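Down below is the structure, laid out as structure tokens.
Owing to the predicted nature of the structure, the values given are computational and were not obtained by experimental measurement.
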Amino acid sequence: MGVRRLYKAPMPFNASELPQIDFAQAFDTVYTAHLNHEPGKLQRYSHTDWRFTSLTFGSDVPPPGDVAALATTPNTDAANSGAAYFPQESSYVVTAVNEETGQESLPSTASVVINDLTLKKNYTTVSWSAVTGANYYRVYKRRNQGEYGLVGQTEQLTFRDDNIIADLTDGPLQGRNPLTGEGNRPATVFFFDQRLGYACTANNPNGMYLSRSADFENMDVARPVRADDAISIRLVAEKVNAINQVLPMDDLLGLTSTGIFVIRGSNDDYLSANPPPKSRRRSARGVSRLKAITIDTVALYTLDSGDGVYSLSYSLEQDGQKSADVSVFSPHLFEGFRIHSWAYAEKPHSIVWAARSDGKLLSFTWEQDQEVWGWTGPHDMGGFVNWVAAVPENGEHRVYLSITRNFGGEARHFIERMASVRVPENAALECYLDCAVSQQFETPTKTIPNLHHLEGRTVSVLADGDAYADKLVQNGEVTLEHEVTIATVGLPYVGKVETLPVIYPSQGTNAGKPQSLGQVALKVVKTRGLKVGRREAEMYALRARENENIGTPTDRVTGTFNAAVEPVQSGGASLIIRQEKPFSWRVTSVFLDPVLSG
């Protein structure tokens with residue numbers, strides 16, 4: 001991977017706060033949440049223009065100004081000596097509406113007028129100044145000290161009220177921001193049902209706040225409440241349920257320190273402020289702060305205690321969410337460790353990559369439709385893995401890692417990208433080394449430069465398709481024995497697979513009986529350099545050089561090949577497969593024919 005300059009955008013978080021940042025993305029905007037900071041957003045305007053700002057909740061449409069209510073009273077009931085004339089105080093406010101965004105402004109300053117609209121010919125005229133971007137205006141009226149109610153809407157800048165009865169079920173919006181001030185900053189952010197949501201403040205750790213429908217940065221509510229108003233929820237069930245994360249699936253799931261809650265609309269449909277939503281606890285297992293991973297209709301999460309990984313999915317039998325331990329067959333990978341970062345690489349192999357608390361990497365294969373899943377690891381990356389991310393690129397998900405490596409007693413930080421899982425047609429373009437750099441030279445050379453990040457380290461080289469081991473980087477370069485045109489230089493690693501012992505349940509147990517391997521065959525795809533054996537001390541090449549010319553790299557092969565193994569006996573016949581060179585290898589099947597003794 002070539003070297004690139006990093007683009008930096010200033011943000012208010014310091015390094016120690018980074019693990020606690022939660023985020024949710026909508027196109028080119030990433031909304032952030034952290035207990036020590038006001039809610040914010042990072043916006044991308046171009047490849048080199050990224051801006052972070054704190055959120056200002058509310059409508060972008062300003063209220064109309066210069067609102068004035070003028071009474072017209074030609075009828076004062078003179079014929080009856082004024083006996084029927086009974087003027088009352090009325091107050092008017094006006095809001096502006098933008099049809100494109102659907103936003104309505106807060107109400108204007110009130111204008112008070114005294115009139116008796118019950119008498120014929122009397123009316124009140126309300127006027128205001130235009131608002132840029134507004135398509136129409138809504139007028140609300142209040143009698144004496146009552147509530148405001150809608151009396152009409154217009155595209156004009158005046159409105160005539162000739163005793164229109166106010167709709168008191170439709171009142172103006174009231175400005176509201178529950179997420180500002182000491183103790184009211186949220187730790188979690190999410191999207192659900194066209195709303196932006198936040199949860200878990202210091203003052204209300206079990207509190208959840210959702211924006212107005214389709215208006216992410218607006219927490220306003222009307223009085224009385226409208227269905228599309230902002231929503232406030234408290235998850236209550238015997239204990240303090242700190243909301244560690246919120247998971248939007250078919251239902252909205254609150255993953256708390258004491259269990260999992262399902263939040264639904266009052267009629268089990270979409271969430272609305274009127275009628276208010278309802279919540280039910282579905283699990284008593286506490287969930288950690290690590291953001292859950294959603295795969296199709298299943299979510300993966302870790303416990304608050306840190307023991308293992310669980311799945312969460314809908315169960316028809318239970319008519320609700322069902323939780324299952326997906327690390328039950330690999331408990332040794334999690335005992336005494338926690339996962340602090342993970343990412344799902346969906347294409348092409350459906351793998352979850354997880355960074356463990358000791359800096360090593362785990363991988364979890366998940367194919368729900370095929371009922372195939374299992375953990376692999378730990379993978380020693382030669383440094384401490386700080387975080388992992390998966391980014392879709394060219395039809396696959398490329399895995400990025402932040403790794404701290406120790407070079408000469410100095411900790412150095414790297415952003416590295418795993419090579420494409422697609423094996424290149426040209427074997428010289430393979431990249432199976434850590435912290436590697438690939439270079440192509442117009443003139444063949446023995447000296448490979450630009451390796452200052454590997455200074456003092458012993459590296460391996462893949463040059464023109466052949467492997468060179470134990471090369472020391474000095475002055476930012478290594479020297480080879482032959483001139484090459486394409487070279488990849490990096491830290492070597494060993495790939496290893498060990499099969500489980502073969503069990504014959506139909507013939508009674510063979511566990512513990514002396515066994516040796518008879519016939520051994522491997523089915524491989526685009527593979528070379530592989531070794532197999534019963535013990536790591538005695539490994540044999542899967543395929544030796546055949547028709548390749550001396551001095552050229554061995555060919556990559558595809559097919560089924562017999563393998564020689566050491567004729568030793570043990571209590572379980574298993575096979576070790578190793579790849580020590582930076583070559584591609586893919587084993588699709590292993591065929592073993594154990595021979596039993598005794």
Within the distance-only criterion (no hydrogens, no angle test), does the side chain of [X] pair as donor or acceptor with the backbone N or O of [Y] below 3.5 angstrom?
X	Y	answer
Ser279	Val262	no
Asp193	Arg195	no
Asp251	Arg264	no
Trp50	His47	yes
Ser341	Val388	yes

Residues [X] and [Y]: side-chain donor-acceptor under 3.5 angstrom:
X	Y	value
Asp228	Ser213	no
Glu396	Ser420	yes
Arg289	Thr188	yes
Ser323	Ser283	no
Thr404	His413	yes
Asn184	Asn203	yes
Asn163	Tyr123	no

Please report the shortest heavy-atom distance between [X] and [Y], naming the atom on each side.
X	Y	answer
Ala230	Val221	O-CG1, 3.7 Å
Thr365	His349	CG2-O, 4.3 Å
Ser313	Val298	CB-CG2, 3.9 Å
Asp304	Asn244	OD1-ND2, 4.0 Å
Asp325	Val309	OD1-O, 3.2 Å
Ile164	Val151	CG2-O, 3.5 Å

Task: ring-ring contact (aromatic ring centres under 6.0 Å, His included) partners for Tyr137, two or more places apart - done: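 So Tyr137 forms a ring-ring contact (aromatic ring centres under 6.0 Å, His included) with Trp128.
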Open item on the list: In terms of relative ring orientation, are His37 and Phe13 parallel, tilted or perpendicular, with 30° and 60° separating the classes?
Closed with: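 Aromatic pair His37/Phe13 classed perpendicular.
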Determine, for [X] against [Y], whether the closest basic-nitrogen to carboxylate-oxygen distance falls under 4.0 angstrom.
X	Y	result
Arg143	Glu89	no
Arg212	Asp229	yes
Glu147	Arg142	no

Please examine the side chains of [Y] and [X], heavy atoms only from C-beta on, and report whether any two atoms are closer than 4.5 Å.
X	Y	answer
Gln25	Phe27	no
Val246	Leu253	no
Leu303	Val287	no
Asn122	Thr72	no
Gln88	Asn144	yes
Asp162	Leu117	no
Thr32	Phe52	yes
Pro87	Asn115	no

TODO: Give the C-alpha distance, both sets of side-chain angles, the deciding distance and a yes or no for ring-ring contact (aromatic ring centres under 6.0 Å, His included) between Tyr344 and Trp353.
DONE: CA-CA 6 Å; Tyr344 175 50; Trp353 295 91; over 10 Å; no
How long is the straight-line distance from [atom2] of [Y] back to [atom1] of [X], given to the nearest 0.5 Å?
X	Y	atom1	atom2	result
Leu255	Lys291	CG	NZ	10.5 Å
Asn206	Asn241	CG	CG	6.5 Å
Met208	Cys200	CE	SG	10.0 Å
Thr158	Leu70	OG1	CG	11.5 Å

- [ ] Tell me, with the steps shown, if Tyr148 and Val93 meet side-chain contact (heavy atoms from CB on, under 4.5 Å).
- [x] CA-CA 8 Å; Tyr148 281 101; Val93 295; 3.8 Å; yes
Task: CA sep, side-chain torsions, deciding dist, call: Ser59, Glu217, side-chain contact (heavy atoms from CB on, under 4.5 Å) - done: CA-CA 8 Å; Ser59 174; Glu217 299 175 21; over 6 Å; no
TODO: From the options Asp167, Asp170, Asp220, Asp215, select the one residue that forms a salt bridge (charged side-chain N to carboxylate O under 4.0 Å, His left out) with Arg226.
DONE: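 When salt bridge (charged side-chain N to carboxylate O under 4.0 Å, His left out) is applied between Arg226 and each of Asp167, Asp170, Asp220, Asp215, only Asp170 qualifies.
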Open item on the list: With a 6.0 Å cut-off on the ring centroids, do Phe190 and Tyr198 count as close?
Closed with: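 Ring centroids of Phe190 and Tyr198 are no less than 6.0 Å from each other.
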- [ ] Mind jotting down which residue pairs meet the ring-ring contact (aromatic ring centres under 6.0 Å, His included) criterion with at least one end in residues 158-180? Sequence neighbours excluded, please.
- [x]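 Listed once each, the pairs would be none.
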Open item on the list: Please list all pairs meeting ring-ring contact (aromatic ring centres under 6.0 Å, His included) that have one or both residues in residues 225-263, counting only residues at least two apart or in different chains.
Closed with: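 Passing the test, one end in residues 225-263: no pairs.
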